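Before any comments, here is the structure.
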2 protein chains.
Amino acid sequence: MQIVQRPTPEPSTLSAHDRVYRTLRTQVMHGELAPGHALTLRGIAREFGVSMTPARESVQRLVAEGALTMSASGRVQTPELGNERIEELASIRALLEPELGSRALPRAHSALIDRMEAINAANTDAVLRGDAVTYVRTNLEFHRTLYLRAQSPAMLAMVETIWLQLGPTMRALYGRLRRNTPPPHHRMIVAALKAGDEPGLRLAIRTDVTQGLRHLTQ
Amino acid sequence: MQIVQRPTPEPSTLSAHDRVYRTLRTQVMHGELAPGHALTLRGIAREFGVSMTPARESVQRLVAEGALTMSASGRVQTPELGNERIEELASIRALLEPELGSRALPRAHSALIDRMEAINAANTDAVLRGDAVTYVRTNLEFHRTLYLRAQSPAMLAMVETIWLQLGPTMRALYGRLRRNTPPPHHRMIVAALKAGDEPGLRLAIRTDVTQGLRHLTQ
DNA sequence: TCGCCGGATTTGTGATCACGCTCGATCATG
DNA sequence: CATGATCGAGCGTGATCACAAATCCGGCGA
């Protein structure tokens, strides 16, 4: 009953469950999966060419982070958030993200702002093309690029957890009401950064974060 | 090679990995484990009378929540936080907990306040006895009892994640400088609740949360 | 006395399997 | 035609094992 279990010994740093975890996490955060999308361990294992064990670890971890929900019977799917939950998550974003922006402000030099403007251009482009997934991705990239300068890894991780929980919902939201107007407050954020205007930055971020999620009709 | 694998079919709601997870989580949050305390999967499995699989799932989940850290080689231990990280986590508490208190304030009736005062008495008692673990536990209970009224499960979960990350450090902190003075700002929190004074409540919570962690000598 | 090396032990990782439960399609019944 | 029961396929859970790498600890040499 002896079977060759590991044909390839893996280059260490990339363990199987980490690869699976990272891929799934990105898919969820960027809204590539619709809310309520069901996943199975065997399906994930087949898709990634691994056994059920790494698939389970990845899923378990994503459930712990709120990226996936698990029913009492162990079935797993992307979360379908109600209005209250969406508002609550938006409140948390509105509390944490201005703080991250404020911490990043003194460290935001021109190269960073240039990069943010480039990302914002791609974001606007995605809006005009009606590409919801790219929209969500570049939107988050815009924010993360700024927040990385805050040198506050725990706070950033916390915010990313929120993004993760909102991922499928964001796709559904921006995919539903397909607006052709580019993200309105990103330019205000950039302007406040250039001016070194901290209260203005906080307000711009808060508004940007809040208003996008106010469109909760359910 | 057939073995009876599950002698008891379990009453469903309590799966093995859930039981292990919850026990370990409580131990970490309440500071029952010192910072840097090492854990092994086989040790956990032996201790709980389960196989390695549920032990791994629990540990994986706790690592995802920041309750444990995992080295590159997969070794697991409770986190040893540096000063910057402690300050950062304290900042997050200072942002989120006043908001939770504020949301709970209109729903805080007298029975709740009575319960908080009882918990606070037990907390004071733990201080006088020099019982660090009970101190941490009742301290968190005091806060959680209030925050549960906020009806904001996501925000509460986020705060508990921070508590989890601070658990071992808190024990080490309060165990080191063993002060005989009871928690100073808890009474201010209770007073603000009774008076319906929202700004006072926010300030009291913020101060309570911040000052306890200012004692970071490391 | 201190530093280094090598084998033995312990560790995490991942694959596989048995088991019991869940869920959905199908069919019989009203 | 709608409704409910039934049965099978598929699911998650947990146990066990093989394997490679990390760790520990002894002894040897400087």
Side-chain angles (χ1 to χ4, degrees), chain A residues 1-25 33 36-65 67-80, chain B residues 1-25 33 36-65 67-80:
Chain A
M1 215 229 243
Q2 301 306 65
I3 291 113
V4 176
Q5 296 185 256
R6 295 246 269 107
T8 28
E10 312 266 343
S12 84
T13 51
L14 273 177
S15 62
H17 80 259
D18 229 56
R19 185 168 53 89
V20 176
Y21 164 75
R22 259 190 265 270
T23 306
L24 288 178
R25 182 186 141 103
L33 276 48
H37 184 92
L39 296 169
T40 66
L41 297 184
R42 285 171 171 87
I44 294 170
R46 213 178 310 123
E47 184 181 348
F48 286 88
V50 297
S51 80
M52 284 176 60
T53 310
R56 264 168 77 182
E57 298 217 347
S58 319
V59 164
Q60 198 69 237
R61 192 164 165 187
L62 290 164
V63 168
E65 294 178 319
L68 298 173
T69 63
M70 179 175 283
S71 76
S73 65
R75 247 78 169 187
V76 156
Q77 61 175 39
T78 54
E80 298 179 286
Chain B
M1 214 226 239
Q2 301 305 65
I3 292 113
V4 175
Q5 296 185 258
R6 297 244 270 107
T8 29
E10 312 268 341
S12 85
T13 52
L14 274 178
S15 62
H17 80 258
D18 229 57
R19 184 168 54 88
V20 176
Y21 164 75
R22 259 189 265 269
T23 306
L24 287 178
R25 182 186 141 103
L33 275 47
H37 184 91
L39 296 169
T40 66
L41 296 184
R42 285 172 172 87
I44 294 170
R46 213 178 310 123
E47 184 181 346
F48 287 89
V50 298
S51 79
M52 286 176 58
T53 309
R56 263 168 77 183
E57 299 216 346
S58 318
V59 164
Q60 197 70 236
R61 191 164 166 187
L62 290 164
V63 168
E65 294 177 319
L68 299 173
T69 62
M70 178 175 284
S71 77
S73 64
R75 247 76 171 188
V76 155
Q77 61 175 38
T78 54
E80 298 179 285

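The shown structure was predicted, so the numbers you read here are calculated from the model rather than taken from an experiment. Order of the sequence lines sets the chain letters (A, B, ...), proteins ahead of strands, with each chain counted from 1.
D:dG14 atom P lies 10 Å from atom CZ of B:Arg19, rounded to whole Å. Separating the CD1 atom of B:Ile44 from the P atom of C:dT10 is a distance of 17 Å, rounded to the nearest angstrom. D:dC11 atom P lies 18 Å from atom CD of A:Gln60, rounded to whole Å. Atoms CG (A:Asp18) and P (C:dG12) sit 16 Å apart, rounded to a whole Å. Following rounding to the nearest Å, B:Phe48 (CZ) and D:dG14 (C1') show an atom-to-atom distance of 16 Å. Residue A:His17 contributes atom NE2, which lies 10 Å from atom C1' of C:dG12 at whole-angstrom precision. The interatomic distance linking B:Tyr21 (OH) with D:dG14 (P) rounds to 15 Å, in whole Å.
In terms of phosphate contacts, B:Ser73 brings a side-chain nitrogen or oxygen within less than 4.0 Å of OP1 or OP2 of D:dT23. Distances shown here put a side-chain N or O of B:Ser51 below 4.0 Å from the OP1 or OP2 atom of D:dA15.
At the heavy-atom level, A:Val76 lies nowhere under 4.0 Å from the strands shown.
Proximity note for A:Leu41 (side chain, C-beta onward) versus D:dT13, C:dT13, D:dG14: the nearest is D:dT13. Side-chain proximity of A:Arg75 to D:dC11, C:dT13, C:dT16: nearest is D:dC11. Comparing atom distances between the A:Met52 side chain and each of D:dA15, C:dC17, D:dC17 picks out C:dC17 as nearest. Side chain of A:Ser15, nearest nucleotide from D:dG14, C:dG14, D:dA22: C:dG14.
Taking for each of B:Leu39 and B:Thr53 the nucleotide of DNA chain C with the nearest heavy atom, the 5'-most of the two is the partner of B:Leu39. Mapped onto DNA chain C by nearest heavy atom, B:Thr40 and A:Arg42 fall at different nucleotides, with B:Thr40 at the one closer to the 5' end.
Side-chain contact, B:Glu65 with B:Tyr21: a donor N or O sits under 3.5 Å from an acceptor N or O. A side-chain N or O of B:Gln60 and one of A:Glu57 form a donor-acceptor pair less than 3.5 Å apart.
When all heavy atoms are compared, the tightest approach of A:Pro79 to A:Ala67 is CD-O, 3.2 Å. For the pair A:Ser58 and A:Pro54, the tightest heavy-atom approach, listed with the atom from each and the gap, is OG-O, 2.7 Å.
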Subject >> side-chain contact (heavy atoms from CB on, under 4.5 Å) assessment of B:Leu68 paired with B:Thr78 >> reply: CA-CA 5 Å; B:Leu68 299 173; B:Thr78 54; 3.8 Å; yes
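Donor-acceptor pairing under 3.5 Å, judged by distance alone, is present between the side chain of B:Arg56 and the base of C:dG14.
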